[in-house]
Amino acid sequence: EDAEGAASTTLVELKDNLAEAFRAASEALLLTMGSSAKAWFRRACAFEQMRDPRNALLDLEQALLRAPGDKAITRKRDEVRELAEKVAENMYYA
């Protein structure tokens with residue numbers, strides 16, 4: 001198999017893994033009736049990887065409501081907020 005074929009296979013696997021991570025986090029949210037900060041955090045990470053920082057930010061805010069003061073969630077929220085602001089700015093000037 002050539003390098004290009006291997007790269008596209010890897011990309012497909014990555015997308016499948018990302019979709020599975022998103023599904024698993026969403027299912028955990030359903031099972032816990034939205035009470036799991038970890039599930040909100042994991043789904044936010046999946047949103048971020050899917051280049052959707054605005055939805056990632058919403059999920060991180062939900063995670064912080066359930067785990068106030070969590071340093072890892074707060075740090076990730078601050079990073080994603082910057083990305084979301086850049087996306088909004090790019091959409092405004094596009």
Side-chain angles (χ1 to χ4, degrees):
E1 190 174 349
D2 63 358
E4 191 173 310
S8 66
T9 300
T10 304
L11 187 58
V12 168
E13 288 171 357
L14 182 64
K15 283 185 179 178
D16 287 348
N17 290 343
L18 191 52
E20 182 54 37
F22 182 83
R23 271 193 300 274
S26 293
E27 189 172 325
L29 286 170
L30 285 172
L31 292 172
T32 63
M33 297 188 298
S35 66
S36 171
K38 184 185 280 189
W40 285 108
F41 180 82
R42 288 184 175 164
R43 195 173 78 165
C45 291
F47 271 128
E48 182 187 18
Q49 291 297 309
M50 292 188 289
R51 300 183 193 277
D52 187 351
R54 291 186 297 173
N55 277 318
L57 183 58
L58 293 173
D59 277 9
L60 289 165
E61 295 291 354
Q62 290 297 319
L64 277 174
L65 288 174
R66 287 148 183 86
D70 184 294
K71 287 180 174 44
I73 297 172
T74 301
R75 190 169 35 252
K76 178 62 84 176
R77 190 237 5 232
D78 293 346
E79 290 172 15
V80 169
R81 182 185 285 145
E82 282 187 40
L83 288 172
E85 287 170 358
K86 287 179 185 172
V87 167
E89 191 176 300
N90 289 341
M91 289 174 70
Y92 180 77
Y93 290 111

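Residues take their numbers from the sequence shown, with the count starting at 1. Values below: every heavy atom of this structure, side chains too, minus hydrogens, waters and symmetry copies.
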**OP:** Report the C-alpha distance between R66 and S36 in whole Å, list the side-chain angles of each, state the deciding distance to 0.1 Å, and finish with yes or no for side-chain contact (heavy atoms from CB on, under 4.5 Å).
**Re:** CA-CA 7 Å; R66 287 148 183 86; S36 171; over 6 Å; no
Distance (rounded to the nearest 0.5 Å) between [X] [atom1] and [Y] [atom2]:
| X | Y | atom1 | atom2 | value |
| --- | --- | --- | --- | --- |
| E13 | L18 | CD | CG | 13.5 Å |
| D52 | L58 | CG | CG | 8.5 Å |
| R75 | D70 | CZ | CG | 8.5 Å |
| L64 | T74 | CG | OG1 | 4.5 Å |

Original post:
Are the charged groups of E20 and R23 less than 4.0 angstrom apart, N to O?
Top reply: yes
**OP:** Run through the side-chain heavy atoms of Ile, Leu, Val, Met, Phe, Trp and Tyr, join any pair under 4.5 Å, and report what else lands in L30's cluster.
**Re:**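 When side chains under 4.5 Å apart are linked, L30 ends up in no cluster with other residues.
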Least distance between heavy atoms, [X] atom then [Y] atom:
| X | Y | answer |
| --- | --- | --- |
| A56 | E48 | CB-N, 3.9 Å |
| P53 | A84 | CB-N, 3.7 Å |
| A28 | A39 | CB-CB, 3.8 Å |

For [X], check side chain to side chain contact (heavy atoms under 4.5 Å, CB included) against everything at least two apart and list the hits.
| X | result |
| --- | --- |
| L65 | Q62 |
| E61 | L57, R77, R81 |
| L31 | E27 |

Subject >> Option from D59, L60, N55 for which side chain to side chain contact (heavy atoms under 4.5 Å, CB included) with V80 holds >> reply: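 For V80, the side chain to side chain contact (heavy atoms under 4.5 Å, CB included) check succeeds only for L60.
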Original post:
So which pairs with a foot in residues 16-52 pass ring-ring contact (aromatic ring centres under 6.0 Å, His included), sequence neighbours left out?
Top reply: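 Checked against ring-ring contact (aromatic ring centres under 6.0 Å, His included) - neighbours excluded - the pairs reaching residues 16-52 are F22-F47.
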Subject >> ring-ring contact (aromatic ring centres under 6.0 Å, His included): pairs with one or both residues in residues 49-83, sequence neighbours excluded >> reply: none
